[in-house]
Amino acid sequence: VKEYLGYMYAKRAEPSGICLPIIPTLLMMILCLLSSRLYVKEEVHDVAVLYDVFLTLYAELSCCSAGCLRLKFDEVVVFDNLETGYIEAVHPKARFYQGDLRNRKEIDDVLDNESGIDAVIHFAANSLVGESMVNPLKYYDNNVYGTKVLLESLLAHGIKNIVFSSTAATYGEPLQTPILESDPTVPTNCYGETKRAMERMFHWTEVAHGIKYVSLRYFNACGAHVNGNIGEAHNPESHLIPIILQVANGTRDHISVFGTDYDTEDGTCIRDYIHVTDLAQAHILACKYLLAGGKSDIFNLGNGIGFTVKEVIEKAKEVTGKEIKVVYEGRRAGDPAELVASSDKAKRVLGWHPEYNDLGTIIATAWKWHSTHPNGYKKGN
Ligand code: UFG
């Protein structure tokens, strides 16, 4: 990691091509999590990867002009309640505050203390489809109410740019594949419903108060940092690829396949798997876009290729060289049959270019983490 960061810092010291008189420092605030242990699984490891990518982009931006301003990303503040996250996953160069978004005073205190924040990246939501179907009020409380408190605090502190982790679950059963951002949003689960409500809250807050937003609708976030030291660590784990790899590393007996009677080629659900580093890149590009004057908008983030659950299991067997025991079960409530993105808009408008578009490579990065960290961030690996 040091080698990697060392390289970036060296790059950052190069003289810039165009020097302009205005050199704002962009203090980026990353809100990870609130609550749900489930949410952490997806988001906290994203944040750690994001920081590395953030520094990379810093290097790039500080060496060239962006719009009419020379951008300099050099400080990151992370706010997380650590209910399900791990302090070990927070980059040592980030300034960390422990707190909960639903507590107005806690978020106000951070924003009072950290003057000059230009943009906020909001990862703080519960994100489990299955859980949202049995505990919907938890999702309204954390996701919707938490966002309302955050927006009030941002308004009070004059912060006008927010990038938001949304989801493919906002669409529900799609009318067409791949899915476009303009397609109808009719969520089939409470998680997707709350994320859609958050998007609408951003919209109306912009209309009334001018806070600009970019909503990034992730498809299936997965993979781990290529260095193998940052990966998913959820308790309980509920996502497909980590569970398969826990079977491969011997910490779990089998993978349960939820539903074999969907209208797909092998009867199991189809998803679009997108690597966490590519997602992180998109957040940085979205910040850059907003700060350069881009209008509020919504973007899908996926690879545009769908894989069935059975195909993912077969690929994992190939990558790991391990046998993976499979048990077939009934459908999980709230699961749409197929979710595959069109990400053309993100590519065109944000200049996003996902690098990990091969499922085998994505699983290999996750396996590097799971095979060396069977206990996640806990000691004893
Ligand atoms: N699955 C199994 N067995 C498991 C776990 C999952 O068969 O043990 C299946 C699910 O039924 C689903 C697919 O594998 O068909 C993927 O399930 P995940 O739980 O890994 O992910 P989801 O598709 O439910 O949800 C994820 C994110 C959401 C996001 C969604 C968008 O958690 O935030 O992708 O596609 F909205």
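Start at 1 and go down the list; that is how both ligands and their atoms are numbered.
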Numbering the atoms of ligand 1 from 1, which are under 4.0 Å from a heavy atom of Val257? 7 (O)
Quick one: does Phe258 get an N or O within less than 3.5 Å of an N or O on ligand 1? yes
Is any NZ, NE, NH1 or NH2 atom of the basic residue among Arg348 and Asp344 found under 4.0 Å from an Asp or Glu carboxylate oxygen of the other? no
Per the side-chain contact (heavy atoms from CB on, under 4.5 Å) rule, which among Thr167, Ile270, Ile179 passes with Leu339? Ile179
Salt-bridge contact Glu152-Lys148 (side-chain N to carboxylate O under 4.0 Å): yes
Subset of ligand 1 atoms that lie under 4.0 Å from at least one heavy atom of Cys269: 15 (O)
Any non-hydrogen side-chain atom of Val76 less than 4.5 Å from a side-chain atom of Lys93? no
Met198 and its side-chain contact (heavy atoms from CB on, under 4.5 Å) partner, picked from Glu193, His203, His122: His122
Check this for me: does any side-chain nitrogen of one of Lys138 and Glu131 sit under 4.0 Å from a carboxylate oxygen of the other? yes
Electrostatic pair Arg217-Glu199, nearest N-O below 4.0 angstrom: yes
Could you see which bit of Ser256 sits under 4.0 Å from ligand 1, with heavy atoms only: side chain, backbone, both or neither? backbone
What atoms in ligand 1 come closer than 4.0 Å to a heavy atom of Ala168? 31 (C), 35 (O)
Mind checking whether Arg332 has an N or O less than 3.5 Å away from an N or O of ligand 1? yes
Is the closest N or O pair between Tyr218 and ligand 1 shorter than 3.5 Å? no
Salt bridge check: are Arg332 and Asp335 linked by an N-O gap of less than 4.0 Å? yes
Going by distance only, is there an N or O of Leu240 that falls short of 3.5 Å from an N or O of ligand 1? yes
With a heavy-atom distance limit of 4.0 Å, tell me whether Leu339 approaches ligand 1 through its side chain, its backbone, both, or neither. side chain
Considering the heavy atoms of Ile255, write down every atom of ligand 1 situated less than 4.0 Å from one of them. 3 (N), 4 (C), 8 (O)
Closer than 4.0 Å to some heavy atom of Ala169 - which atoms of ligand 1 meet that? 36 (F)
Contacts of Tyr356 that satisfy side-chain contact (heavy atoms from CB on, under 4.5 Å) - sequence neighbours left out: Val226, His275, Thr277, Asp278, Thr361, Ile362, Thr365
Identify, by atom number and element, the atoms of ligand 1 in contact range of Ser127, meaning under 4.0 Å from any of its heavy atoms. 32 (O), 33 (O)
Taking the minimum heavy-atom distance to atom 21 (O) of ligand 1, which of Val247, Thr308, Asn220, Val340 ranks first? Asn220
With heavy-atom distances below 4.0 Å as the criterion, list the atoms of ligand 1 near Thr167. 29 (C), 33 (O), 36 (F)
Using a strict 4.0 Å cut-off to heavy atoms of Ile243, name the atoms of ligand 1 that fall inside it. 8 (O)
Side chain, backbone, both or neither: which part of Thr268 comes within less than 4.0 Å of ligand 1 when only heavy atoms are counted? neither
Under 3.5 Å side-chain donor-acceptor pair for Tyr97 and Asn113: yes
